[in-house]
Amino acid sequence: MPHAVDVHVGKRIRHRRWLVGMTQQQLAESVGIKFQQIQKYETGANRVSASRLWDIAGAMDVDVSFFFEGLERADGAAPSAAGDLLGDKEALDLVRSYYSIPENQRRRLFELARVLSDVA
């Protein structure tokens, strides 16, 4: 039975990979392993070693701490709202689309969204 932390980290790997538009094969090649291993990481069937997680984080341009965001802490603190968003396909589609927009347009869109949310 996979440990809940391994499953969570695997889901975060899958979500980040999807957000950056990377296939399992591309991620595997960038860290020097076979894509089947990425599949096992993403399901939590295999644990990701610290050094491999470091490599995966580098390949996907994210800090290692990203993979642990949203985990309930040992003291019982609730997961962050960001963790809930990762389970929402519409939110993931929106974030992926947002990051595919050129940076100068993305900044303007962000400012528009900020203004609209202040009005609501």
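Quantities reported herein were computed from a predicted structural model and do not represent experimental measurements.
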* **Heavy-atom pair of closest approach, residues Leu92 and His15** => CD1-CD2, 3.3 Å
* Output yes when Arg108 and Glu111 qualify as a salt bridge under the 4.0 Å nitrogen-oxygen rule, no when they do not. => no
* If a pair satisfies salt bridge (Lys or Arg N to Asp or Glu O under 4.0 Å) and one of its residues is in residues 32-52, list it, with sequence neighbours excluded. => Asp6-Arg47, Arg17-Glu42
* Structure fact -> Between the CZ atom in Phe68 and the OG atom in Ser65, the distance rounded to the nearest 0.5 Å is 9.0 Å
* For the atom pair CG (Asp63) and CH2 (Trp54), what is the distance rounded to the nearest 0.5 Å? -> 7.5 Å
* Pairwise side-chain contact, Asp61 with Val20, heavy-atom cut-off 4.5 Å (strictly under) -> no
* To do: Evaluate the side-chain proximity of Val9 to Tyr41: yes if any heavy-atom separation is below 4.5 Å, no if none is.
  => no
* When you measure from the side chain of His8 to the backbone N and O of Glu69, does any donor-acceptor pair fall under 3.5 Å? -> yes
* To do: To the nearest 0.5 angstrom, please state how far the OG1 atom of Thr43 sits from the CD1 atom of Ile38.
  => 11.0 Å
* Do Arg106 and Tyr98 meet the cation-pi criteria used here (NZ or CZ under 6.0 Å from the six-membered ring centre, within 45° of the axis)? -> yes
* Under a 4.5 Å side-chain heavy-atom rule over Ile, Leu, Val, Met, Phe, Trp and Tyr, are Leu19 and Ile101 clustered together? -> yes
* Asked: Side-chain contact, heavy-atom cut-off 4.5 Å: Phe66 with Ile13?
  -> no
* To do: Measure the spacing between CZ of Phe110 and CG of Leu112 and express it to the nearest 0.5 Å.
  => 11.0 Å
* Report the C-alpha separation of Phe67 and Val48 in whole Å, then their side-chain angles, then the decisive distance to 0.1 Å, and conclude whether the side chain to side chain contact (heavy atoms under 4.5 Å, CB included) test is met. => CA-CA 11 Å; Phe67 301 110; Val48 185; over 6 Å; no
* Answer yes if Phe35 and Ile33 sit in the same cluster of Ile, Leu, Val, Met, Phe, Trp and Tyr residues linked by side chain heavy atoms under 4.5 Å apart, and no otherwise. => no
